[in-house]
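Numbered from 1 within each chain, the chains take letters A, B, ... in sequence-line order. No hydrogens, no waters, no symmetry mates; every other heavy atom, side chains included, goes into these values.
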There are 2 protein chains.
Amino acid sequence: MARRTEALSRERIVDAAVELLDTVGEGGLTFRALTERLATGAGAIYWHVANKGELLTAATDAVVGTALAAEPDGASPPDRVRAVALALFDAVDDHPWIAAQLSRGSGQVTTPRILESLGRQVRAMGVPRSEWFSVSTALVQYVVGAATQNAVNGTLPGPSTSREELLGAVAERWEELDPEEWPFTRAIAGQMRVHDDREQFLAGLDLVLTGIAALHPGT
Amino acid sequence: MARRTEALSRERIVDAAVELLDTVGEGGLTFRALTERLATGAGAIYWHVANKGELLTAATDAVVGTALAAEPDGASPPDRVRAVALALFDAVDDHPWIAAQLSRGSGQVTTPRILESLGRQVRAMGVPRSEWFSVSTALVQYVVGAATQNAVNGTLPGPSTSREELLGAVAERWEELDPEEWPFTRAIAGQMRVHDDREQFLAGLDLVLTGIAALHPGT
DNA sequence: ACCTGAACACCGTTCAAGT
DNA sequence: ACCTGAACACCGTTCAAGT
């Protein structure tokens with residue numbers, strides 16, 4: 001708290017950006033808000049950061065990097081895949097603005113982190129080398145895709161809405177669809193209301209892991 | 001071409017928005033550009049559309065809706081899953097701005113279309129009803145996630161760059177990484193250079209489909 | 001080398017006024 | 001009911017000037 005006049009640095013700028021994104025959302029990250037928060041001028045920020053896009057990429061990379069920094073816990077390679085996947089899932093859940101970011105330019109920079117982390121487990125599972133690329137990429141796509149879409153579902157109405165209300169609202173909308181045109185979606189609306197996001201995420205991951213084990217039985 | 005004075009309508013506005021997004025990209029969709037293209041004033045557009053967000057959602061929904069409109073071709077349910085998945089894949093490939101959109105508010109509106117289309121095939125595969133939600137959701141997450149991330153990879157440098165140059169650039173970046181820190185990513189950099197996106201997308205889909213068949217053998 | 005802050009060009013949205 | 005277009009508030013970025 002006593003850091004009145006700490007030197008401006010790229011790191012402090014990125015930290016402030018993450019804070020703003022977390023508290024005020026994507027629309028709240030503004031150079032004016034940043035200058036105020038950092039008690040400086042706009043030009044000072046531009047000295048350390050090329051533009052807003054680079055700042056968003058750096059913020060995304062910082063958060064994901066932290067989430068994946070620890071060596072993944074788990075007795076077996078599939079368990080470690082689950083650990084990595086959950087770490088990312090929780091990071092996106094805590095910082096929903098990451099979702100849109102990963103579907104933009106930031107993905108180019110940040111995805112390799114996820115690929116490296118998951119890929120090592122693919123290798124450890126004994127998948128033949130010729131399939132490393134295909135299998136690890138598919139795994140990354142499921143994990144990032146699922147985590148991302150989950151965050152989308154979590155941010156429709158006001159920030160005060162509870163998880164149950166949110167799922168209930170979606171379920172209600174689904175139940176009002178024309179049954180002629182939307183038979184399947186209507187049939188599962190009830191389960192939307194009661195499902196658990198993390199469990200569902202892990203269940204989907206199990207499909208992929210089972211598929212890997214079946215199609216590429218390791219050594 | 002002779003439609004000099006066609007009445008303004010929500011549909012014409014959305015069509016113009018899609019055109020702008022396709023040609024000038026996400027940053028090119030501007031109310032000024034729209035008014036010029038439609039030869040009208042800003043207020044006229046706001047009469048038919050609440051705001052820019054709604055316009056983006058409508059544009060996304062229109063494109064995805066068209067892509068999924070046809071009954072999916074295929075002899076078996078898995079084949080029809082592949083048909084639906086490829087239709088979406090190609091739509092995102094042709095309109096890369098959809099990727100970011102699906103990771104934002106538009107997902108809420110558009111995802112049910114994809115869920116319905118894929119879910120019907122899940123049902124046809126004989127997956128027990130209690131697993132419909134879990135399985136269909138996971139499938140949607142893989143398909144949307146993979147299609148989305150693929151579009152991210154396709155739009156780094158200028159629009160003139162060829163597919164090979166693009167993959168080559170990514171592969172090069174990966175090959176320059178520190179091998180101590182990035183052993184796996186470096187090991188697969190070569191395959192990044194030569195892989196085919198659609199094939200890779202289908203290979204990943206096969207992992208999921210195989211997992212479904214293994215964990216939820218139908219009737 | 002690093003910071004200040006006014007200025008510029010541009011954007012989404014509104015609204016009184018028209019038909 | 002639908003359209004016009006000027007006006008408003010706000011944003012990202014630049015840059016001459018300072019230290």
Checklist entry - Rounded to whole angstrom units, what separation is found between the CD atom of A/E26 and the P atom of D/dG12? => result 12 Å

Checklist entry - Checking side-chain contact (heavy atoms from CB on, under 4.5 Å) against B/P72, which of B/V84, B/L86, B/L118 comes through? => result B/V84

Next on the checklist: Please determine whether a side-chain nitrogen of the Lys or Arg among B/E116 and B/R120 lies less than 4.0 Å from a carboxylate oxygen of the Asp or Glu.
Outcome noted: yes

Next on the checklist: Tell me the interatomic distance from A/N51, atom CG, to D/dC11, atom C1', rounded to whole angstroms.
Outcome noted: 14 Å

Checklist outcome for this item: From the candidates C/dC3, D/dC3, D/dT13, the one with an atom nearest any side-chain atom of B/L8 is D/dC3

Item to check | Gap between atoms CZ and C1', on A/R10 and C/dC3 respectively (whole Å) | outcome: 18 Å

Next on the checklist: If the threshold is 4.0 Å, N to carboxylate O, is there a salt bridge linking A/D79 and A/R82?
Outcome noted: yes

Checklist entry - Could you go step by step and tell me if A/L115 and B/W174 meet the side-chain contact (heavy atoms from CB on, under 4.5 Å) rule? => result CA-CA 11 Å; A/L115 180 65; B/W174 285 9; 3.3 Å; yes

Checklist entry - Which nucleotide in the set C/dA1, D/dT13, D/dC2 lies at the smallest distance from any side-chain heavy atom of A/W47? => result C/dA1

Item to check | Upstream residue (5' side of DNA chain D) when A/G43 and A/G27 are each assigned their closest nucleotide | outcome: A/G27

Item to check | Nearest to side-chain heavy atoms of A/R32, which nucleotide of C/dC3, D/dG12, D/dT13 | outcome: D/dG12

Item to check | Sub-6.0 Å ring centroid separation between B/F89 and B/F201 | outcome: yes

Checklist entry - Over how many whole Å does the gap from B/E36 atom CD to C/dC10 atom P extend? => result 13 Å

Checklist entry - How many Å lie between OH on A/Y46 and C1' on C/dA7, as a whole number? => result 14 Å

Checklist entry - Paired with D/dA6: which nucleotide, if any, by Watson-Crick or G-U wobble criteria at under 3.5 Å for both distances? => result C/dT14

Next on the checklist: Using a heavy-atom cut-off of 4.0 Å across all strands, would you classify A/L29 as base, sugar-phosphate, or nothing?
Outcome noted: sugar-phosphate

Next on the checklist: Can you measure B/I45 atom CD1 to D/dG5 atom P for me and round it to whole angstrom units?
Outcome noted: 13 Å

Item to check | Strand partner of C/dT19, provided both Watson-Crick or wobble distances fall under 3.5 Å | outcome: D/dA1

Item to check | Rounded distance in Å - CZ (B/F31) to C1' (D/dC8) | outcome: 16 Å

Checklist outcome for this item: Against the side chain of B/K52, the closest entry in C/dT13, D/dT13, D/dG12 is C/dT13

Next on the checklist: Less than 4.0 angstrom between a side-chain N/O of A/H48 and OP1 or OP2 of C/dA1, yes or no?
Outcome noted: no

Checklist outcome for this item: Whole-Å distance, A/L20 CG to D/dC11 C1', equals 15 Å

